[in-house]
Visitor: 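This is the structure I want to talk about, given as structure tokens.
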Amino acid sequence: KKAKLFHVFAASATALSLAACSAPKTNESTAAPETTAAATTEAAATEGETTQAEAAGPVTYDAKGSGYGGELNLKVTIDGDKITELELGDHHETNVVMDRAFPVIRERILEANTPVVDSVTAATFSSYAVKAAVADAMTQAGLETEKITMATSGPEKEARTLEDVTADIVVVGGGPSGLAAAITAKQTNKDAHVLVVEKMDILSGNGKFDMNFYDLINSEAQKAAGNEKWTVNQVENFIEAKSTAGDSAERVKAWAEQENVLDAWLRDMGVELDYNYGAMNHMAREDQYAGEVIQAGMEECARELDIEIRTGTKGVDLLMEDGRCAGVSVENNDNESYAVRAQYTIIATGGFCSSKELLGEYAPGYEVFNTSNQMGTTGDFVKVFEKNGVK
């Protein structure tokens, strides 16, 4: 259930002007002793200041960077030559991105003691802003650092092959569909080991940006609004409304039955879509999008259910043995590859709006357009399915 959002890039720049002062000319012979004395005094003062700074311990610097939405403020604490803390201040980044990305980029910078680290995938602009702000603080502290650009990344990691891991169910894709599948599997069998792998460093893909949650019936918001078409005989009405949607009758029936219980399922995990507008359309509130609330609720539920989630881990192929899928092979951001062996495998990797190659093959002409979808929509398993004869 996707609502297209279009983002506007906002650029901000900070200018630093340096003013030079000139002194009146003096007689060189008479000025020399005075200049020497001044230089000696200045050197002594500088040495004293350095000693005081060293003795002072940690110093917190106010630093700035420019992100997706404009200026980002960061407090950076430096003790000697060590970065000890990063505290996010005012910024204009999208909260559903920044709330997930900042803890990741913060941990990377503190661990490496440098802003020269990999950006958080799916949060490239926000990562750049944080890294640039840390470099700004280091410059204020008199420390050397590499110039930060959008392309700045950490050192290349040596490729390694790890031992296989096992799970009862592996889900490839950590968006709303993948998380819903993982949560339902765990709710059905609380003893199952459910493992979710997501190629991006943060969860959800497009889902966290969705404004409208479409096609919901039998909701508390509809009942409160007196929307009887979708609260009385709603399953039959839904089937009739979707009869020309291009799906089989069996699929539409299953769709209707699941939509009928979906609001209750979401509310069980604290997700309340209380604003119903226009038939089956829902938002969390009139001034709050549905996607961010649904995603936050599902992530919290997944944690409470002890579902294992590995971000920065991309599914690359199916493990086919004797004509049966036995799991997936994966690669992570640390350049490590391994197999996840599982009794059941669920692929929830989304569409391919961001793949020019697949658009050219399956929707010729559309590859010339840009997309408002996030960068992860590259249809990773389309070719894997074809190779393995999956329809």
Side-chain angles (χ1 to χ4, degrees), residues 1-5 7 94-101 103-104 120-124 126 167 169-187 194-216 255 258-259 262 265-266 269-271 273 282-284 289-305 307-316 318 328 330-333 340 342 344-355 358 371-382 384-385:
K1 300 173 178 68
K2 299 290 181 259
K4 291 186 178 179
L5 300 180
H7 305 285
T94 308
N95 285 332
V96 291
V97 171
M98 202 58 176
D99 290 348
R100 292 168 173 81
V104 178
V120 177
T121 51
T124 309
S126 300
I169 299 172
V170 60
V171 180
V172 184
S177 295
L179 284 181
I183 289 169
T184 304
K186 190 70 174 180
Q187 289 173 334
V194 180
L195 171 61
V196 177
V197 295
E198 164 58 46
K199 69 177 179 179
M200 298 298 181
D201 288 322
I202 59 178
L203 294 173
S204 178
N206 288 324
K208 57 184 173 289
F209 300 117
D210 287 346
M211 178 186 79
N212 184 13
F213 197 70
Y214 297 99
D215 299 328
L216 189 60
W255 184 6
Q258 292 303 306
E259 291 286 3
L262 183 52
W265 183 74
L266 289 170
M269 66 180 77
V271 176
L273 303 181
H282 290 72
M283 295 194 342
Y289 287 3
E292 60 187 84
V293 176
I294 293 171
Q295 183 63 28
M298 288 204 293
E299 287 185 35
E300 178 62 27
C301 183
R303 283 191 289 269
E304 291 175 356
L305 290 171
I307 293 170
E308 184 179 358
I309 298 176
R310 299 188 179 191
T311 53
T313 303
K314 180 181 180 180
V316 294
L318 298 174
V328 292
V330 303
E331 297 173 353
N332 65 23
N333 290 345
V340 179
Y344 300 102
T345 301
I346 298 172
I347 305 298
T349 49
F352 53 86
C353 290
S354 300
S355 171
L358 292 179
T371 176
S372 62
N373 280 235
Q374 57 89 32
M375 63 188 292
T377 53
T378 50
D380 297 342
F381 268 74
V382 172
V384 174
F385 286 154

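For reference, positions follow the sequence shown, starting with 1.
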Visitor: Looking only at heavy atoms, which two atoms of Ala180 and Thr184 are closest? And how far apart?
Guide: O-OG1, 2.8 Å

Visitor: Under a 4.5 Å cut-off applied to non-hydrogen side-chain atoms, are Phe213 and Val271 in contact?
Guide: no

Visitor: Of the options Leu203, Val196, Ile202, which is the one that meets Thr311 in a side-chain contact (heavy atoms from CB on, under 4.5 Å)?
Guide: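 Looking at Leu203, Val196, Ile202, the match for Thr311 under the side-chain contact (heavy atoms from CB on, under 4.5 Å) is Leu203.
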
Visitor: Side chains of Val340 and Arg310: does their closest heavy-atom pair fall under 4.5 Å?
Guide: no

Visitor: Judged by modelled atom types alone, do Thr378 and Lys199 share a side-chain donor-acceptor pair under 3.5 Å?
Guide: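 Checked: Thr378/Lys199 side chains pair up, N/O donor to acceptor below 3.5 Å.
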
Visitor: What distance separates Ile183 CD1 from Glu299 CD, expressed to the nearest 0.5 Å?
Guide: 9.5 Å

Visitor: Measure the CZ-CG distance between Arg100 and Asn95 for me, rounded to the nearest 0.5 Å.
Guide: 10.0 Å

Visitor: Give, for atom CE of Met298 and atom OG of Ser177, the distance between the pair rounded to the nearest 0.5 Å.
Guide: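 Answer rounded to 0.5 Å: 8.0 Å.
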
Visitor: Heavy atoms only: give me the nearest Val194-Ala185 pair and the separation to one decimal.
Guide: CG2-CB, 4.3 Å

Visitor: Side chains of Thr121 and Asp201: do they bring a donor and an acceptor to under 3.5 Å?
Guide: yes

Visitor: Determine whether Asp210 and Gln295 make a side-chain contact, defined as any pair of heavy atoms from C-beta on separated by less than 4.5 Å.
Guide: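 When only atoms from C-beta onward are counted, Gln295 and Asp210 do not touch, as no gap falls below 4.5 Å.
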
Visitor: If we ignore hydrogens and angles and just use 3.5 Å, is the side chain of Thr377 paired with the main-chain N or O of Gln374 as donor and acceptor?
Guide: yes

Visitor: Examine distances only and state if a side-chain atom of Asn212 and a backbone atom of His282 form a donor-acceptor pair shorter than 3.5 Å.
Guide: yes

Visitor: For residues Met375 and Ala122, report the shortest heavy-atom separation together with the two atoms involved.
Guide: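 In this case the closest contact between Met375 and Ala122 is SD-N, 3.6 Å.
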
Visitor: Which value, rounded to the nearest 0.5 Å, describes the distance between Leu195 atom CG and Ile309 atom CD1?
Guide: 9.0 Å

Visitor: I want to check something: taking the side chain as every heavy atom from C-beta on, are Leu318 and Ile347 in contact at a cut-off of under 4.5 Å?
Guide: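 A side-chain contact exists here, since the closest heavy-atom pair is under 4.5 Å.
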
Visitor: Which atoms form the tightest heavy-atom contact between Ala101 and Ala123, and what is the distance?
Guide: CB-CB, 3.5 Å

Visitor: Look up atom CD1 in Ile294 and atom CE in Met283, then write down how far apart they are to the nearest 0.5 Å.
Guide: 11.5 Å

Visitor: For the backbone of Val97 and the side chain of Lys208, can you confirm whether one donor and one acceptor N or O come within less than 3.5 Å of each other?
Guide: no

Visitor: Could you tell me whether the side chain of Met269 reaches within less than 4.5 Å of the side chain of Glu300, counting heavy atoms only?
Guide: no

Visitor: Quick one, Val96 and Tyr289 - any side-chain contact, counting heavy atoms below 4.5 Å?
Guide: no

Visitor: I'd like to know if the side chain of Ser354 and the backbone of Phe352 have a donor-acceptor N/O pair within less than 3.5 Å.
Guide: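 Side chain of Ser354 to backbone of Phe352: no pair is present.
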
Visitor: State, to 0.1 Å, how close Gly315 and Val330 come at their nearest heavy-atom pair, and which atoms those are.
Guide: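 Residues Gly315 and Val330, closest heavy atoms: CA-CG1, 4.0 Å.
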
Visitor: Working to the nearest 0.5 Å, report the span between OG1 of Thr349 and CZ of Phe385.
Guide: 6.0 Å

Visitor: Search all heavy atoms of Ala290 against all heavy atoms of Leu273 and return the closest pair with its distance.
Guide: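 Closest approach of Ala290 to Leu273, heavy atoms only: CB-CD2, 4.0 Å.
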
